[in-house]
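Have a look at the structure below, then the notes.
Positions are given from 1, in the same order as the sequence printed here. We use all heavy atoms of the structure for the numbers below, so side chains are in, but hydrogens, waters and symmetry mates are not.
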Amino acid sequence: MTASTPRVLVVDDEPPIRKLLRMGLGTHGYDVLEAPNGKAGLELLAQNPDLVILDLGLPDIDGLELLRMIRERNEGVPIVVLSSRGDEAGKVQALDFGADDYVTKPFGMDELLARMRAALRHQLQVQGERPIFHVGDLSVDLVRRIVKMGEQEIKLSPKEYDLLRLMVQHAGKVLTHRFLLSEIWDGLTDTQYLRVYVRQIRQKIEKNPERPQYILTETGIGYRLRAPN
């Protein structure tokens with residue numbers, strides 16, 4: 001990310017949405033590049049934006065195909081997808097294709113800005129992973145494999161730790177059921193295994209496992225570990 005003015009590429013075919021983003025993001029110090037379709041978006045990608053906001057419903061190129069093309073040309077740029085309400089299958093596909101997050105239309109500017117900040121932080125974290133992760137009272141020492149809540153050490157099974165560590169490595173990013181299962185259970189497809197282990201970890205790290213503050217559920221999609229402030 002550039003030190004002075006972060007550059008955001010907005011790919012959306014709706015002029016009112018582009019105007020909203022141009023004005024809203026500009027107010028918060030972002031330099032906005034606008035593309036009304038996929039072809040223009042690919043051309044502007046050559047200007048190396050720090051983040052891409054991508055609408056999946058474009059007139060010329062299928063949004064998921066464009067997402068794949070962007071990832072081929074720029075593996076590391078964070079991508080926040082704009083999707084229609086209720087399109088859970090599309091959101092899951094976009095995340096599996098390499099999107100970092102999604103925002104459902106209609107959206108609030110504060111929500112979008114928060115998602116953008118999380119995606120940018122995740123990119124920096126991946127570039128230079130820190131050995132100790134902190135969020136709230138939770139700390140995870142990735143070198144010594146020690147998990148603590150405050151000063152109290154939390155005992156996790158090897159599989160529970162592997163799952164938490166994967167979430168720590170992608171803190172703030174939505175991880176789909178499919179991704180988590182493929183990484184931890186080598187392609188097992190039964191999400192019940194995942195739910196059981198998430199429940200077990202929540203019992204150990206959450207004050208109220210029924211209202212979690214750390215491991216957040218993205219209904220129908222997967223889970224997100226709360227990002228550091």
Side-chain angles (χ1 to χ4, degrees), residues 1-36 40-41 44-45 47-58 63 66-67 70-71 74 76-88 90-92 94-95 97-128 130 133-136 167-176 212-219 221-229:
M1 186 171 62
T2 52
S4 53
T5 304
R7 179 177 295 166
V8 178
L9 170 58
V10 173
V11 187
D12 195 302
D13 64 325
E14 298 182 56
I17 296 292
R18 295 202 306 276
K19 181 179 179 181
L20 170 69
L21 293 174
R22 180 175 67 250
M23 296 177 65
L25 297 179
T27 300
H28 288 85
Y30 291 92
D31 179 20
V32 179
L33 302 172
E34 296 181 50
L44 287 172
L45 192 64
Q47 296 192 31
N48 294 318
D50 297 298
L51 182 139
V52 176
I53 297 176
L54 174 63
D55 177 28
L56 292 182
L58 297 170
L66 180 59
L67 175 55
I70 292 173
R71 271 285 163 261
N74 190 325
V77 65
I79 302 173
V80 177
V81 161
L82 301 181
S83 64
S84 60
R85 185 170 301 280
D87 183 20
E88 288 183 358
K91 294 170 185 174
V92 170
L95 293 164
F97 270 53
D100 291 79
D101 211 332
Y102 66 89
V103 175
T104 303
K105 291 181 177 181
F107 57 87
M109 186 57 64
D110 288 344
E111 178 190 7
L112 176 61
L113 288 165
R115 298 285 196 237
M116 290 169 57
R117 288 193 296 268
L120 289 165
R121 278 200 304 268
H122 176 249
Q123 181 198 33
L124 293 174
Q125 180 181 331
V126 168
Q127 291 173 349
R130 295 180 180 180
F133 171 85
H134 289 280
V135 59
M167 292 184 173
V168 164
Q169 291 172 324
H170 298 280
K173 176 179 168 66
V174 182
L175 303 179
T176 65
Q213 300 297 308
Y214 295 106
I215 300 178
L216 309 177
T217 298
E218 297 283 334
T219 304
I221 297 170
Y223 298 96
R224 180 201 305 266
L225 180 67
R226 192 176 120 204
N229 295 329

Supply the atom-to-atom distance [X] [atom1] to [Y] [atom2], rounded to the nearest 0.5 angstrom.
X	Y	atom1	atom2	answer
D50	M116	CG	CE	9.5 Å
L225	H170	CG	NE2	11.0 Å
N74	I79	CG	CD1	8.0 Å
D12	R18	CG	CZ	7.0 Å

I'd like to check [X] versus [Y] (side-chain heavy atoms, cut-off strictly below 4.5 Å). Are they in contact?
X	Y	answer
V80	V103	yes
T104	S83	yes
K91	V174	no

### Task
Please identify each residue that fulfils side-chain contact (heavy atoms from CB on, under 4.5 Å) with A35, with sequence neighbours left out.
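L9, V11, A40, L44.
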#### Entry: Residues in side-chain contact (heavy atoms from CB on, under 4.5 Å) contact with Y223, at least two apart in sequence or another chain
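By the side-chain contact (heavy atoms from CB on, under 4.5 Å) rule, Y223 matches M167, H177, L180, L194, R195, V198, R202, I215, T217.
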### Task
Decide yes or no on side-chain contact (heavy atoms from CB on, under 4.5 Å) for I221 and Y102, but give the supporting numbers first.
CA-CA 11 Å; I221 297 170; Y102 66 89; 3.3 Å; yes
Of all the heavy-atom pairs spanning [X] and [Y], show the shortest one and how long it is.
X	Y	answer
P228	A171	CD-CB, 4.3 Å
P212	L216	O-CD2, 3.5 Å
P49	L45	CD-O, 3.6 Å
A94	V81	CB-CG2, 4.1 Å

### Message
Test side-chain contact (heavy atoms from CB on, under 4.5 Å) on L120 and L51; report intermediate values, then the result.
### Response
CA-CA 7 Å; L120 289 165; L51 182 139; 3.9 Å; yes
Contacts of type salt bridge (Lys or Arg N to Asp or Glu O under 4.0 Å), residue [X], not counting sequence neighbours:
X	result
R117	none
R224	D101, E218
D55	K105
D31	R7

### Task
Given side-chain contact (heavy atoms from CB on, under 4.5 Å), test L21 with V32 step by step and report yes or no.
CA-CA 8 Å; L21 293 174; V32 179; 5.5 Å; no
Do any side-chain atoms of residues 108-115 form donor-acceptor pairs under 3.5 angstrom with protein atoms, and if so which ones, sequence neighbours left out?
none

### Query
With no hydrogens and no angle check, is any side-chain donor or acceptor of K19 less than 3.5 Å from a backbone partner on E14?
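It does not hold such a pair.
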### With Y214 via ring pair (Phe, Tyr, Trp, His ring centres under 6.0 Å) - residues at least two apart
none
